[in-house]
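The block underneath contains the structure these notes are about, expressed in structure tokens.
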Amino acid sequence: MFTIATWNINSVRLREMLVARLLTEEAPDILCLQEIKSPVDKVPLETFRALGYNHIVARGQKGYNGVAILSKLPLEDAGDRDYASLGHARHVAARLENGVTIHNFYVPAGGDIPDREQNIKFGQKLDFLTEMRDAFHADNPTKSIMVGDLNIAPREDDVWSHKQLLKIVSHTPIEVEHLGAAQDAGKWVDITRQDIPQGLLYSWWSYRAKDWDAADKGRRLDHIWATPDISNAGHASRILRPVRGWEQPSDHVPVLASFDL
DNA sequence: ATGGTAGTATAACTA
């Protein structure tokens, strides 16, 4: 059995000690980070190694984006793809010794206006998702887990108000449709919703709210999926809401699942 | 309707 977590950290250098706290308190076997906002050679790897996370696969760049997989279990680098040819560090993959492949994604946020004619970033987001669909269709993944900040809350109960967010980027029907096409192409099972099928679930709360906890205007942007050959092994999903209340927090909280593999 | 906060290339961008 192993536990995997995904967390958009919004700068791994600024929040090095928050990562260390999560690794100490929850001790997932694997932690996938997004938005590390750092070149790989400036990630504080020694802090993570000292906590037993000796196996690290990452892609970084200066200032923006960046993804990393920290693991207590041996990993081999399984490459990356430049979806939508943006030249951004938004994907990396790794393979465990048991043959399970881990994909870590940071899907573009997509800007504010949900129209590709008016907002190039929204078009890039849709193109990124279309390339994910095509890649999953071509690769037909098996024994795979895909996690990350997908920047889309697909279900009505993944947002604080379905009606009020229908024209807000992250919950528009066209984004949900594109994400669904990528999910279907890989036959991915949403492990969080397999475990917690009913009820409101959020993994992100805006920094701009006066009181994020009281207003509770959250969205479930962070996901853990698995291919159907191993989806039955997934269980014990959790979303660590209290982490949003830690000092100088990320706007995202960790999402966890365990796999009996 | 607007503006609100946070991070990094500390100025203007991205989220």
Side-chain angles (χ1 to χ4, degrees), chain A residues 6-22 32-44 47 58-68 82-91 104-116 118-129 147-154 158-161 163-172 174-176 178-179 202-223 241 243-255:
Chain A
T6 179
W7 192 12
N8 177 319
I9 193 62
N10 188 19
S11 176
V12 73
R13 287 149 77 189
L14 189 70
R15 289 187 241 283
E16 170 185 352
M17 291 309 155
L18 293 195
V19 174
R21 181 174 171 185
L22 183 80
C32 296
L33 296 170
Q34 304 86 36
E35 270 205 282
I36 63 172
K37 290 188 170 177
S38 172
V40 174
D41 62 9
K42 293 191 174 174
V43 177
T47 298
R59 298 293 187 272
Q61 63 185 90
K62 197 158 87 173
Y64 299 100
N65 312 311
V67 286
D82 182 13
Y83 293 86
S85 303
L86 300 173
H88 298 171
R90 293 181 178 275
H91 168 252
N104 183 10
F105 278 93
Y106 175 46
V107 173
D112 289 333
I113 303 169
D115 176 353
R116 72 187 311 155
Q118 294 178 60
N119 169 17
I120 191 170
K121 292 184 191 314
F122 192 72
Q124 289 171 346
K125 183 178 194 175
L126 298 180
D127 293 346
F128 192 103
L129 293 160
V147 310
D149 176 5
L150 305 185
N151 265 314
I152 297 174
D158 291 336
V159 294
W160 64 276
S161 169
K163 203 170 170 183
Q164 287 180 258
L165 289 173
L166 273 170
K167 293 181 178 173
I168 302 298
V169 172
S170 74
H171 192 62
T172 63
I174 190 164
E175 290 170 87
V176 172
H178 277 64
L179 184 67
Y202 311 142
S203 65
W204 172 91
W205 293 261
S206 172
Y207 283 126
R208 298 175 190 179
K210 277 202 186 80
D211 183 338
W212 71 273
D213 194 27
D216 201 18
K217 294 183 173 180
R219 308 177 199 169
R220 187 172 71 105
L221 304 180
D222 303 276
H223 300 269
R241 177 184 179 111
V243 173
R244 185 63 176 77
W246 288 3
E247 193 172 343
Q248 201 173 21
S250 170
D251 45 354
H252 295 252
V253 300
V255 178

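Predicted model only: the values in this text are computed from it and were never measured. When reading the values below, keep in mind they use all heavy atoms of this one structure, side chains included, and skip hydrogens, waters and symmetry mates. Chain letters run A, B, ... following the sequence lines, proteins first and then strands; every chain starts at 1.
Of the two residues contacting DNA chain B, namely Lys37(A) and Arg208(A), the nearest-nucleotide position lying further toward the 5' end is that of Lys37(A).
Among the heavy atoms of the strands lying under 4.0 Å from Lys121(A) are primed sugar atoms or P, OP1, OP2 only; no base atom is included. At the heavy-atom level, Arg13(A) lies nowhere under 4.0 Å from the strands shown. At the heavy-atom level, Arg219(A) lies nowhere under 4.0 Å from the strands shown.
Under the salt bridge (charged side-chain N to carboxylate O under 4.0 Å, His left out) criterion, Arg21(A) pairs with Glu25(A), not counting sequence neighbours. For Tyr83(A), the ring pair (Phe, Tyr, Trp, His ring centres under 6.0 Å) partners two or more places apart in sequence, or in a different chain, are His91(A), Phe105(A), Phe128(A). Partners of His171(A) by ring pair (Phe, Tyr, Trp, His ring centres under 6.0 Å), not counting sequence neighbours, listed by chain and number: His162(A). Take Phe122(A) and apply the ring pair (Phe, Tyr, Trp, His ring centres under 6.0 Å) test, not counting sequence neighbours, and it matches no residue. With sequence neighbours left out, the side-chain hydrogen bond (donor to acceptor under 3.5 Å, both in side chains) criterion links Ser38(A) to no other residue.
Look at the C1' atom in both dG4(B) and dA15(B): the space between them is 14 Å, to the nearest Å. When the C1' atom is used for both dA6(B) and dA11(B), the distance is 15 Å, rounded to whole Å. Of the P atoms belonging to dG7(B) and dG3(B), the separation is 22 Å, rounded to the nearest Å. Look at the P atom in both dC13(B) and dA9(B): the space between them is 16 Å, to the nearest Å.
When DNA chain B is scanned in the 5' to 3' direction for atoms under 4.0 Å from non-hydrogen atoms of chain A, the outermost contacting nucleotides are dG4(B) to dA15(B).
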Report the C-alpha separation of Gln34(A) and Thr6(A) in whole Å, then their side-chain angles, then the decisive distance to 0.1 Å, and conclude whether the side-chain hydrogen bond (donor to acceptor under 3.5 Å, both in side chains) test is met. CA-CA 8 Å; Gln34(A) 304 86 36; Thr6(A) 179; 2.9 Å; yes
